[in-house]
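Quick caveat: nothing in here was measured; it's all calculated off a predicted structure. Only this structure's heavy atoms are used, side chains among them; waters, hydrogens and symmetry mates stay out.
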Amino acid sequence: MSTMINNKPRHVPSDLEIAQSVTPQDIDHIASLAGILPDELELYGRSKAKVHLSIRDRLKDAPRGKYVVVTAITPTPLGEGKTTTSVGLSQALGAHLDKRVFTCIRQPSQGPTFGIKGGAAGGGYSQVIPMEDLNLHLTGDIHAITAANNLLAAAIDTRMFHESTQSDDALFDRLCPAKPDGSRRFSRVMLRRLRNVGIDKTNPNDLTAEERRAFARLDIDPQSITWRRVIDTNDRMLRQITIGQGAEEKGFTRVTGFDITVASEIMAVLALTTSLEDMRERLGRMVIGMSRIGQPVTADDMGVGGALTVMMKDAIMPNLMQTLEGTPAFIHAGPFANIAHGNSSIVADQIALKLVGKDGYVVTEAGFGADIGFEKFCDIKCRYSGLQPDCAVLVATIRALKMHGGGPKVTAGQPLHPSYTSENLELVEKGCANMVKMIENVRLYGIPVVVCVNRFSTDTDAEVDLVRTIAIGAGADASEASDHWAEGGAGAVNLAKAVVAACEKPHNFHFLYSLDLGIKEKIETIVREIYGGAGVQYLPEAEQKIAVYTRCGFDKLPMCMAKTHLSLSHDPTLKGRPTGFTVPVRDIRASVGAGFLYPLLGAMSTMPGLPTRPAYYEIDIDPQTGAVVGLS
């Protein structure tokens with residue numbers, strides 16, 4: 001740890017000031033200390049690199065380390081510091097307890113960075129550096145997803161346009177043009193299309209007229225298209241647009257829209273894939289809509305699955321960076337936590353667990369609370385990875401507990417009410433009902449849970465002690481206050497010791513539900529057991545989708561519930577531990593490539609908007625030094 005951190009004043013400078021006051025070690029040195037060989041590293045300058053998946057082959061017989069997932073109570077709109085806790089815990093384990101450790105967190109979207117929330121590199125003296133790189137372009141993974149997503153979007157509209165203007169024979173002739181000798185050939189991806197429609201022939205000239213039509217004409221129903229364009233910017237005006245208004249498009253207009261890039265299914269695929277081969281299969285089977293006769297149309301049917309994989313071939317490699325105290329970190333993938341599964345990549349966790357070895361620790365973060373990101377971590381990510389967590393850390397703040405206890409509304413960008421910065425044991429005690437439910441949620445999966453009270457300077461000893469007492473009484477294996485934001489790893493040593501002890505306890509990890517259950521049974525299990533709801537109401541659109549997806553065989557996929565992160569329920573105004581509520585499922589959508597269905601519980605925005613005074617007002621550059629200023 002640097003002298004600057006050891007002798008820091010209690011007044012903590014801004015995150016950017018702290019990050020820029022520490023010179024990162026050369027990333028190849030960090031890699032060497034972590035056990036990564038030079039030929040397994042792809043350098044992107046001196047402070048970041050990608051790691052080749054071949055490292056898993058070299059380490060296939062090495063034992064895995066302990067797997068720690070960081071989750072939280074239901075947060076305020078300000079967030080309760082999961083990333084900061086993840087980094088601080090890792091620094092405590094590595095720089096203070098001398099354990100081999102890796103931090104695995106998501107790559108943040110530029111939408112929140114330039115919007116209102118700010119970046120996601122951690123905070124205070126518990127950050128990943130350089131924070132400018134992490135919060136902005138990093139190594140271009142999000143740009144690759146944007147390009148791949150929009151290539152598929154362009155392919156959809158292009159295919160519908162050409163099918164509308166050509167006969168079956170003309171369409172087939174253009175897809176499989178004849179050479180001068182009359183021979184034709186199928187491309188590799190076309191053979192996948194043939195299999196999808198039940199044709200086992202490999203010579204285009206052997207197809208009958210009916211087979212040619214089945215192969216060449218996708219006949220996409222425009223009303224069924226679920227694939228939208230994406231951009232990694234908060235741009236509310238793109239939420240709904242009309243395309244095809246140019247003169248050359250001959251009146252083939254369609255209403256569609258943009259999502260933010262991190263909401264793309266390709267991002268979810270990146271996070272859940274386990275190899276290049278697996279990613280090729282997942283990208284190819286992504287469903288973009290239905291044909292007019294009710295058959296799913298995939299990216300491979302469009303002929304673009306292979307091209308998407310080529311565009312993503314570098315993005316599949318995890319990004320290596322470092323914390324302020326020199327412990328290694330993987331930053332990889334960043335799917336939405338309320339729409340998608342909200343966890344960093346499987347491949348990063350797999351590599352990290354092998355690198356730290358049997359006495360080491362991997363700290364990974366699940367988005368939002370234990371009702372969303374953690375549930376999806378267990379029931380989706382762990383299903384596909386085959387990994388089992390040894391311990392969960394549940395982050396709580398006095399601020400959030402007071403909100404759940406009936407405190408005034410917390411609004412991002414607005415000053416906190418004085419009740420949040422002065423002692424109020426009554427609000428804290430009432431709000432602990434939310435924490436108790438989250439502890440129960442973690443224990444449903446059979447793993448130990450350590451409650452971390454992420455301490456702010458305005459929290460009193462009495463408030464912190466009350467939370468810790470209630471946490472232990474509710475079944476937590478340990479509860480520790482942590483001051484890692486102001487003190488770095490030194491402020492999280494007691495938390496780290498509690499995590500080490502919890503990881504040694506016997507545990508019996510298991511999933512919440514079986515994939516053999518029907519769609520409704522899975523949804524109702526999550527609502528009942530995780531949210532504490534009384535029942536589920538299925539709106540007509542959801543009922544229709546359940547019938548279609550069951551017919552298509554998608555009913556065996558896990559559920560990825562899309563709901564607000566601001567309440568245990570579907571209603572963001574219901575704080576604490578609500579009961580007796582009925583959850584409305586208004587629609588269900590399929591991310592077949594990623595490998596889940598996502599029921600929509602209320603209106604979920606996949607394209608955030610910008611506030612009146614976005615964060616970009618503060619972001620600038622010093623033209624003399626080239627240093628970024630104002631990033632938060």
Side-chain angles (χ1 to χ4, degrees), residues 64-75 80-90 92-93 101-106 337 341-344 346 349 352-353 361-383 385 387-397 400 432 434-454 467-468 470-482 484 492 494-512 526 529-531 565 568:
R64 288 199 293 254
K66 301 294 186 182
Y67 197 26
V68 180
V69 56
V70 178
T71 183
I73 64 172
T74 302
E80 308 318 307
K82 284 195 314 299
T83 303
T84 307
T85 300
S86 298
V87 176
L89 171 60
S90 293
L93 287 166
V101 66
F102 244 98
T103 314
C104 293
I105 59 176
R106 290 177 292 169
H341 67 288
N343 285 268
S344 58
I346 285 174
D349 290 358
L353 284 164
Y361 296 82
V362 169
V363 178
T364 192
E365 175 193 342
F368 294 135
D371 57 327
I372 304 184
F374 173 78
E375 184 271 317
K376 296 172 183 178
F377 169 85
C378 294
D379 287 317
I380 298 175
K381 184 177 180 180
C382 289
R383 282 188 200 270
S385 70
L387 301 173
Q388 297 185 2
D390 296 285
C391 169
V393 174
L394 183 73
V395 179
T397 62
C432 279
N434 183 272
M435 177 186 68
V436 169
K437 174 56 178 163
M438 294 303 192
I439 293 170
E440 293 172 4
N441 284 355
V442 174
R443 291 178 63 85
L444 279 173
Y445 292 89
I447 59 175
V449 54
V450 175
V451 171
C452 166
V453 183
N454 182 18
V467 175
R468 294 181 62 198
I470 293 174
I472 295 299
D477 292 84
S479 180
E480 295 289 343
S482 187
H484 45 274
N494 287 339
L495 173 64
K497 290 178 178 177
V499 167
V500 169
C503 285
E504 296 303 321
K505 292 189 174 183
H507 52 277
N508 179 30
F509 176 77
H510 51 268
F511 302 122
L512 183 68
I526 295 171
E529 300 294 335
I530 300 297
Y531 309 157
H565 61 288
L568 272 161

Trainee: When rounded to the nearest 0.5 angstrom, what distance separates CG in N434 from CE in M438?
Mentor: 4.5 Å
Trainee: Are D390 and K505 close enough for a salt bridge, meaning some N to O gap below 4.0 Å?
Mentor: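 Result for this pair is no, no salt bridge flagged.
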Trainee: Closest approach of G88 and A492, non-hydrogen atoms and distance?
Mentor: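 Taking every non-hydrogen atom into account, O-CB, 3.7 Å.
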Trainee: To the nearest 0.5 angstrom, please state how far the CG atom of L387 sits from the CD1 atom of I346.
Mentor: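 The distance works out to 7.5 Å.
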Trainee: Report the distance from atom CZ of F374 to atom CG of L444, rounding to the nearest 0.5 Å.
Mentor: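 It is 9.0 Å, given to the nearest 0.5 Å.
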Trainee: Could you give the distance from CD (E504) to NZ (K66), rounded to the nearest 0.5 Å?
Mentor: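 Reported to 0.5 Å precision, the distance equals 4.5 Å.
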Trainee: Does the side chain of P75 reach to within under 4.5 Å of the side chain of H565, using non-hydrogen atoms?
Mentor: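 Yes. Closest side-chain heavy atoms under 4.5 Å.
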Trainee: Considering only heavy atoms from C-beta outward, does the side chain of F377 approach that of T364 to under 4.5 Å?
Mentor: yes
Trainee: Side chains of F102 and L353: closer than 4.5 Å at any heavy-atom pair?
Mentor: no
Trainee: Test your reading of the model: is there a side-chain donor-acceptor pair from K82 to the backbone of V395, 3.5 Å cut-off?
Mentor: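 Checked: no pair found.
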Trainee: Roughly how far, to the nearest 0.5 Å, is the CD1 atom of I380 from the CD atom of E375?
Mentor: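 That separation rounds to 6.5 Å.
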Trainee: Just by modelled atom types, is the I439 backbone N or O under 3.5 Å from a matching donor or acceptor in the N441 side chain?
Mentor: no
Trainee: Just checking R383: does its CZ atom have more than 12 heavy atoms from other residues, nucleotides or ligands closer to it than 6.0 angstrom?
Mentor: yes
Trainee: If you look at every heavy atom in D371 and Y531, which pair is closest and at what distance?
Mentor: O-CE2, 3.5 Å
Trainee: Work out which heavy atom in C452 is nearest to a heavy atom in V393; give both atom names and the distance.
Mentor: CB-CG1, 3.9 Å
Trainee: Look only at the side chain of D477 and the backbone of V449, and say whether a donor-acceptor pair between them is shorter than 3.5 Å.
Mentor: yes
Trainee: Quick one: closest heavy-atom pair of V453 and S479, and the distance?
Mentor: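 So the minimum-distance heavy-atom pair works out to CG2-OG, 4.3 Å.
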Trainee: Is the closest side-chain heavy-atom distance between H484 and N454 below 4.5 Å?
Mentor: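 In short, these two side chains touch, coming nearer than 4.5 Å.
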Trainee: What's the spacing between H510 NE2 and I447 CD1 if we round to 0.5 Å?
Mentor: 9.5 Å
Trainee: Do you know the tightest heavy-atom contact between P448 and V442?
Mentor: O-CG1, 4.4 Å
Trainee: Counting C-beta onward and ignoring hydrogens, is there a side-chain heavy-atom pair between S385 and D349 closer than 4.5 Å?
Mentor: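 Not touching, per the 4.5 Å side-chain cut-off.
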Trainee: Between R106 (side chain only) and S344 (backbone N and O only), is there a donor and an acceptor less than 3.5 Å apart?
Mentor: no
Trainee: Just so I know, are the side chains of V500 and L93 near enough to count as touching, which here means a heavy-atom distance under 4.5 Å?
Mentor: yes
